[in-house]
Amino acid sequence: MKQKFYITTPIYYVNASPHIGHSYTTIAADTMARFMRGALKKENVLFLTGTDEHGQKIQKAADEAGLSAQEFVDKVVVQFKGLWEKLNISYDDFIRTTQQRHIATVQRALQLLYDKKEIYSAKYEGWYCTPCEIFWTQTQLSDSLCPDCKRPLEKIREVNYFFKISAYQSWLIDYIKNNPRFIQPASRQEEVLSFLHINTLSDLCISRPTQRLSWGIPVPFSKEHVTYVWFDALINYISAVGGFDAKGDYVSGWWGDDTQIVHMIGKDILRQHAVYWPIILKALGIRMPDTICAHGWWLIDAAKMSKSVGNVVNPLEMVDKYGIDVYRYFLLKDVPFGLDGNFSEEAIVRRFNSDLANDLGNLLYRTLTMVEKYYQGAVPSPRNEIYDERITRIVACLAGLHRQIEDALTATTFNFSLALEKIWEPVSMANKYVEDAKPWNLAKEGKKEELEAFIRILVDVIRQVGHSLSPFMPQTASQIEAQIGKNKINKGQPLFPRIENTR
RNA sequence: CGCGGGGUGGAGCAGCCUGGUAGCUCAUUAGGCUCAUAACCUAAAGGUCGAGAGUUCAAAUCUCUCCCCCGCAACCA
């Protein structure tokens with residue numbers, strides 16, 4: 001494990017409000033960041049999120065809202081930050097592409113690439129739909145009408161700047177093959193490789209004429225152009241944590257060889273991150289990130305989430321209804337990371353009742369009751385002399401738990417659901433052990449020492465589980481800690497009261 | 001002949017790379033127990049692993065053919 005850990009979410013495009021997908025990526029990154037803060041020192045972890053604020057669609061959304069672009073993005077950013085606060089997202093830095101630190105780095109990067117002759121200007125030809133403000137290439141068209149609005153298109157010819165990514169295709173293929181951890185999960189790596197084998201990369205158009213779009217970062221070597229949003233956006237990962245020195249070398253405390261760099265993304269933007277981004281870095285002479293981790297999508301009642309269908313899930317509503325940690329738990333547990341998941345409230349309730357109420361919540365509450373009943377609320381002190389075989393097994397399970405979680409999260413593919421399964425193992429063992437130990441008999445028969453050892457191991461399980469849970473469910477972890485107390489319990493109410501079928 | 005993902009007990013999935021008694025969670029049923037949130041524990045029922053052919057002593061797993069479902073336009077994690 002490297003000394004430092006730098007994890008990012010994508011910077012979210014602020015032309016609309018955040019939805020379940022944004023919250024999923026961010027919760028996953030937050031959980032990793034929290035876990036790594038425990039594994040490394042807190043100050044050796046940096047968790048970055050932010051917003052992508054330039055481009056045509058934002059300008060259009062701003063126009064529709066009757067605001068200037070800047071006013072519009074300022075407004076939406078507040079929504080995102082509000083959601084992250086509500087979801088308990090522990091980001092260390094929040095970058096906006098309209099910030100000066102970002103603009104300066106993007107412009108410097110462009111100039112460096114231009115000086116290295118990695119960028120050239122060329123005439124660009126395409127079909128333009130003026131009402132939609134969208135460009136279409138010949139191959140996207142079946143007739144001469146706009147695929148979106150079915151209105152006639154206009155043939156436009158203009159000068160734009162292109163980045164020579166085609167020159168890097170074979171380098172990229174080799175790099176991906178030689179670094180199997182670069183794109184995760186492995187199935188995504190195959191996807192990218194097969195894409196690169198089948199297609200020949202064409203140079204990336206990285207500018208837009210100012211006459212058509214003014215809401216962007218000005219290209220330093222042309223007054224008539226602003227930067228294309230994707231080039232602008234990807235640079236955020238380096239502009240947030242460093243900059244170019246006078247010689248044009250990138251300098252950063254978070255991009256050295258001692259840092260593990262992870263970009264958490266959704267599968268829809270894999271192409272940009274696995275193809276464009278490495279090439280940009282390579283051309284600038286900057287090291288590659290360690291891992292690009294692309295997760296799947298959430299389907300809503302088995303259908304693709306879509307603004308036009310109107311089935312977009314608002315995370316705030318779910319959080320208000322079920323609670324932050326229940327929402328976090330559901331997203332991280334219900335689907336193996338990487339695959340598409342199916343979101344429904346029935347599924348949340350099912351998960352809630354079986355895992356949180358029946359298994360974990362019930363274990364905590366029955367234990368609290370026993371401590372209260374048999375020991376008047378005082379937590380028995382550790383007793384090592386009585387160990388039956390089952391206690392030994394539970395102790396071994398607890399001892400190995402941290403390692404198991406670490407393996408699930410770091411050794412393979414950010415397997416959150418597996419990590420949570422591991423945390424539930426001691427919970428289940430403890431619930432079984434209650435049946436075996438029959439504490440009510442121990443109490444009746446006056447077997448004081450056995451009873452104490454028994455209660456003590458339950459308390460140990462709960463403490464350890466609570467601690468292990470803290471990256472995933474931070475609030476729950478502290479609630480458990482508060483209820484089980486140090487020397488004296490604070491019984492309170494059941495942590496996750498079962499949701500009965502009320503429909 | 002476009003590309004990719006998938007089809008495993010009622011539901012959701014693992015297993016397939018590296019063939020060898022088909023496994024997990026939930027739901028169902030029966031029993032046990034009472035510390036506990038009708039919770040917990042134990043047990044049972046339930047599958048010709050999409051169809052067919054081939055390789056093999058042996059195929060969910062390898063090969064071939066076919067059938068069906070979902071993405072591959074936009075918003076967008």
Side-chain angles (χ1 to χ4, degrees), chain A residues 9-13 15-29 52 57 60-61 132 134 136 140-142 146-149 186-188 190-191 194-195 197-199 264-270 294-299 302-310 312-313 315 331 333-336 338-342 344 346-347 349-374 417-418 421 424 427-428 430-443 451 454-455 458 493-500:
Chain A
T9 71
I11 45 173
Y12 301 111
Y13 206 55
N15 64 337
S17 305
H19 55 64
I20 182 174
H22 299 107
S23 70
Y24 182 50
T25 316
T26 308
I27 287 170
D52 186 5
K57 279 160 199 149
K60 200 178 157 198
C132 293
I134 292 173
W136 301 97
Q140 290 173 296
L141 303 176
S142 49
C146 171
D148 251 10
C149 68
S187 58
R188 300 283 170 215
E190 285 161 25
E191 218 174 284
S194 104
F195 167 79
H197 280 299
I198 292 167
N199 299 285
M264 193 71 82
I265 61 169
K267 68 176 184 179
D268 52 320
I269 50 173
L270 178 60
H295 61 67
W297 269 357
W298 281 97
L299 306 177
K304 192 168 173 179
M305 182 170 59
S306 142
K307 281 170 193 164
S308 38
V309 177
V312 175
V313 172
L331 294 182
K333 177 67 200 293
D334 204 59
V335 68
L339 301 181
D340 288 355
N342 207 334
S344 68
E346 294 89 275
V349 171
R350 215 180 309 130
R351 272 260 95 91
F352 179 92
N353 280 341
S354 71
D355 299 358
L356 299 178
N358 295 356
D359 293 346
L360 178 62
N362 187 45
L363 174 67
L364 173 63
Y365 202 66
R366 71 201 300 200
T367 302
L368 291 172
T369 305
M370 285 187 271
V371 172
E372 183 182 58
K373 184 165 177 174
Y374 300 133
S417 54
L418 180 63
E421 260 173 53
W424 254 251
V427 171
S428 159
N431 272 327
K432 281 186 186 43
Y433 186 48
V434 176
E435 300 306 314
D436 292 338
K438 299 191 177 33
W440 47 93
N441 287 344
L442 296 179
L451 186 63
F454 161 80
I455 296 284
L458 294 192
Q493 294 302 304
L495 192 53
F496 298 109
R498 222 182 129 79
I499 300 171
E500 295 307 331

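Listed nucleotides B:rA77, B:rC26, B:rC41 differ in distance to A:W298; the shortest reach to its side chain belongs to B:rA77. Of the listed nucleotides (B:rU37, B:rA77, B:rA36), B:rA36 has the atom at the smallest distance from the side chain of A:T369. Residue A:R498 has its side chain nearest to B:rU37 when only B:rC41, B:rU37, B:rA77 are considered. Between B:rU25, B:rC35, B:rA77, one nucleotide has an atom nearer to the side chain of A:R366 than all others, and that is B:rC35. Listed nucleotides: B:rA77, B:rA74, B:rC40. Nearest to the side chain of A:P10: B:rA77.
B:rA43 is paired with B:rU29 under the criterion used here, namely a Watson-Crick or G-U wobble arrangement in which both key atom distances are under 3.5 Å. When Watson-Crick and G-U wobble pairs are counted only if both distances are under 3.5 Å, B:rG4 pairs with B:rC70. B:rA60: no Watson-Crick or G-U partner with both key distances under 3.5 Å is found in any strand. Under the Watson-Crick and G-U wobble criteria, each requiring two contacts below 3.5 Å, nucleotide B:rA22 is left unpaired.
Counting any heavy atom pair closer than 4.0 Å across all strands shown, A:N362 reaches a base atom. Among the heavy atoms of the strands, none lies under 4.0 Å from A:L368.
Contact between the side-chain N/O atoms of A:R350 and the OP1/OP2 oxygens of B:rC26 is not found at any separation under 4.0 Å. A close approach under 4.0 Å does occur between a side-chain nitrogen or oxygen of A:W440 and OP1 or OP2 of B:rU34.
Taking the nucleotide of RNA chain B with the nearest heavy atom to each of A:G266 and A:E191, the more 5' of the two is matched to A:E191. Toward the 5' end of RNA chain B, the nearer of the two residues A:H22 and A:L360, judged by each one's closest nucleotide, is A:L360.
In the interface, the side chain of A:N358 is not paired with the base of B:rA39 through any donor and acceptor atom under 3.5 Å apart.
Counting heavy atoms from C-beta on, the side chains of A:V371 and A:I455 come closer than 4.5 Å. The side-chain heavy atoms of A:N431 and A:R366, taken from C-beta on, include a pair separated by under 4.5 Å.
Distance check on atom C1': B:rG54 versus B:rG19 gives 15 Å, rounded to whole Å.
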